[in-house]
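This report refers to the structure that appears directly beneath it.
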Number of protein chains: 2
Amino acid sequence: MTISEENYIKVIYHLSLVSPKGVNTNAIAGMLDTKASSVTDMLKKLSDKDLVSYQKYQGVTLTDKGFFSAKMIVRKHRLWEVFLVDKLGFSWDEVHEIAEELEHIKSEQLINKLDAFLGFPVADPHGDPIPDAKGVIKKIEKQLLSEVEINASFHCVGVKDSSTDFLKYLDKQKIALGSVVKVIDREDFDDTLTVEIDGKRLTISNKIANNLYVQ
Amino acid sequence: MTISEENYIKVIYHLSLVSPKGVNTNAIAGMLDTKASSVTDMLKKLSDKDLVSYQKYQGVTLTDKGFFSAKMIVRKHRLWEVFLVDKLGFSWDEVHEIAEELEHIKSEQLINKLDAFLGFPVADPHGDPIPDAKGVIKKIEKQLLSEVEINASFHCVGVKDSSTDFLKYLDKQKIALGSVVKVIDREDFDDTLTVEIDGKRLTISNKIANNLYVQ
DNA sequence: TTTTATTTTTAGTTTTGTCTAAATTTAATT
DNA sequence: AATTAAATTTAGACAAAACTAAAAATAAAA
Ligand SMILES: [Mn+2]
Ligand SMILES: [Mn+2]
Ligand SMILES: [Mn+2]
Ligand SMILES: [Mn+2]
């Protein structure tokens, strides 16, 4: 597989988690910042290689082979992110781009040794689960902070949006994975939350709460 | 720079250490396992980018810009090799290919943090020097074991040939970087050496001695 | 159910990096 | 100095991955 093919497969994987009955050409183009016509070309190529099943105008799904490949790329991406944060001291908003390159390094032995070196982590720095060497993903229980009942306490376990802007906002508010969040109140008008994070009171918009996973 | 351009620049760098007045097209083709005509094409491209100075039929040399780029690629290659051996437990004959890919990861921050994580090593697992962030290479004093006087003791500090075959031979004989070598005798007829390695007596062909650096 | 809008595909180019075969230049031998 | 050999470059082609513009299919609206 070329780097380009891998990037397509990974994007189709992520999109198919949301639309399992078929991923649209335009959606892929949007994620990869390319043109729909380029996507069509690539889908034919991936179909020839039996990585996706594709019928014109009907969208695309991953084959078993494509699904496994996708999970291996995601595994590499997330393990490298753990390495960058835990071992090299990068912050969680700096690692995505670099992992986007590292995920294409070919050696299977490398990634398994890296996995062991990191202590077989189950989640990446953004709380996303890491597939194991066989492609098994341990499901992490989580709810959006925006959907949780009032007057209960939770742990932050992940982010839905991992844009730099959002992650830096969390840093500023000293919210990290593991932080304890108690929901004090929800404003009826706009769903603004009053919460206590590690004991400190804070007001949080619905947009924020809608991108933070807790458990 | 594309991956391909980087591979060419690095090969030109290595070859120009041996032939500083100009590197031949065929030599480059041989190292990269490609055709001379492909090399000519690429040399024009590199020349346009001011990475090499090139006149048809006259061979190429690196410009200052190309020379620095080459050293940064070598730096990355060798730091990743140290990582693979010291941190992930690869043996010294397994790391070259993987480093060949890792050396193309773009982030400068990444490589400097990796350098720090590894404790600013000055040599890679094969004894080759690692350029620092500014491109400065600390010269490692060394002689070939084949050229050393008799009845003196040395430390192994590097290999000239880092092929799997040679490295595996050294492993079998329990010769590693740091091993103490005492030269007992040199056979006049074929320059075979009798040596003591970490106290154990051993007979070594000239070809072996000619690929082992000591100090 | 037509008509219109949107999505997707096709057709035809472009760039990068490679190749083969032929031409040219330089080097080595008579 | 002429001939032969080797090295290098040019010319033309190809595959991968992208693009633009136009055509076709599907979905939405009237
Ligand atoms: Mn990627
Ligand atoms: Mn992540
Ligand atoms: Mn390389
Ligand atoms: Mn090395």
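Below, chains carry the letters A, B, ... as their sequence lines are ordered, and counting in each starts from 1.
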Only counting residues at least two apart or in another chain, list the ones meeting ring pair (Phe, Tyr, Trp, His ring centres under 6.0 Å) with A:Phe83.
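Listed in chain order: A:Trp80, B:Phe83.
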
Do [X] and [Y] get their side chains close enough for a donor-acceptor pair, meaning under 3.5 Å?
X        : Y        : result
B:Asn206 : B:Arg186 : no
A:Thr203 : A:Thr194 : no
A:Ser163 : A:Asp161 : yes
A:Ser205 : A:Thr192 : no
B:Asn7   : B:His104 : yes

What is the distance, rounded to the nearest whole Å, between atom [atom1] of [X] and atom [atom2] of [N]?
X       : N      : atom1 : atom2 : answer
B:Ile28 : C:dG17 : CD1   : P     : 15 Å
B:Tyr8  : C:dG17 : OH    : C1'   : 8 Å
B:Tyr54 : C:dT25 : OH    : P     : 13 Å
B:Met42 : C:dT16 : CE    : P     : 10 Å

With a cut-off of less than 4.0 Å, is there a side-chain N or O of [X] near OP1 or OP2 of [N]?
X       : N      : answer
B:Thr2  : C:dG17 : yes
B:Lys45 : C:dT15 : no
A:Asn26 : C:dT8  : yes
A:Tyr57 : C:dT10 : no

Quick one: which of B:Asp185, B:Leu212, B:Ile204 gives a side-chain contact (heavy atoms from CB on, under 4.5 Å) with B:Val195?
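Running side-chain contact (heavy atoms from CB on, under 4.5 Å) over B:Asp185, B:Leu212, B:Ile204 with B:Val195 returns exactly one hit, B:Ile204.
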
Can you pull the contact range of chain B along DNA chain D, 5' to 3', using atoms under 4.0 angstrom from its heavy atoms?
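First and last nucleotides in contact are D:dA7 to D:dT10.
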
What protein N or O atoms touch nucleotides 19-21 of chain C N or O atoms at under 3.5 angstrom, if any, and at what distances?
residue: C:dC19; atom: OP2; partner: B:Thr34; partner atom: OG1; Å: 2.5
residue: C:dC19; atom: OP2; partner: B:Lys35; partner atom: N; Å: 3.1
residue: C:dC19; atom: OP2; partner: B:Ser38; partner atom: OG; Å: 2.8
residue: C:dT20; atom: OP2; partner: B:Lys35; partner atom: NZ; Å: 3.1
residue: C:dT20; atom: O4; partner: B:Ser37; partner atom: OG; Å: 3.0

5' priority, DNA chain D, between B:Val39 and A:Ile3 [closest heavy atom]:
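Comparing both residues, the 5'-ward one is B:Val39.
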
Could you tell me if the ring centre of B:His96 sits under 6.0 Å from that of B:His126?
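No.
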
Does NZ or CZ of A:Lys113 fall inside the cone over B:Phe90's six-membered ring, less than 6.0 Å from its centre and within 45° of the axis?
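A:Lys113 over B:Phe90 ring: yes.
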
With heavy atoms under 4.0 Å as the rule, sort A:Thr40 into base, sugar-phosphate or nothing.
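Base, at least one base atom sits under 4.0 Å.
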
